[in-house]
Amino acid sequence: QKHEAEQNELSEKLLALGKETAALDAEIAETKKQLAAEQAKLAGINRSITNMQTRGEEIAMKVRDVLENCEMESVELPAAESEGGGAGASGGAGTKRAAKRARRGAAAAAG
């Protein structure tokens, strides 16, 4: 009888462990689903970041092209004023452009 009681006790423990294992397996499956959803969100965010970086690079290239064209065509762009009302945010680039134009004009007149 003692042996039978021990066997029953072990069977109950095994059944309890089986239930606990099933509950943990369900929790793991749910966590995996949540992880997959979060990974998909992260992948979307990373794609957005890459797209924004690419767009920023495209805009920067367009700005450089416009500035180059303006310089080649001697178009003076208005300089943004700093808070102190001093030289523009270009750091005196307008003066440099004017000097460059004067050199070009002198070279054209001489040539």
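Below, all heavy atoms of this structure are taken into account, side chains as well, without hydrogens, waters or symmetry copies.
- With rounding to the nearest 0.5 Å, the separation of CG in N46 from CG in N51 is 11.0 Å.
- Residue E20 qualifies as open at atom CD: its count of foreign heavy atoms under 6.0 Å is 12 or below.
- Salt-bridge annotation for E58 and K62: absent, with no side-chain N of the basic residue lying under 4.0 Å from a carboxylate O of the acidic one.
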Please test R64 against E68 for salt bridge (charged side-chain N to carboxylate O under 4.0 Å, His left out), starting from the C-alpha separation and ending with a verdict.
CA-CA 6 Å; R64 281 191 296 272; E68 242 177 60; over 6 Å; no

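- With values rounded to the nearest 0.5 angstrom, H3 atom NE2 is found 10.0 Å from N8 atom CG.
- Taking a 4.5 Å side-chain heavy-atom cut-off between Ile, Leu, Val, Met, Phe, Trp and Tyr, the cluster of M61 contains only that residue.
- Rounding to the nearest 0.5 angstrom, the gap separating the CD atom in E9 from the NZ atom in K13 is 4.5 Å.
- A distance of 10.5 Å separates CD in E4 from OG in S11, rounded to the nearest 0.5 Å.
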Show me the side-chain donor-acceptor pairs of residues 27-42 shorter than 3.5 Å, one per line, residues at least two apart or across chains.
| unit_1 | atom_1 | unit_2 | atom_2 | d |
| --- | --- | --- | --- | --- |
| T31 | OG1 | E27 | O | 2.8 |
| E38 | OE2 | K41 | NZ | 3.4 |

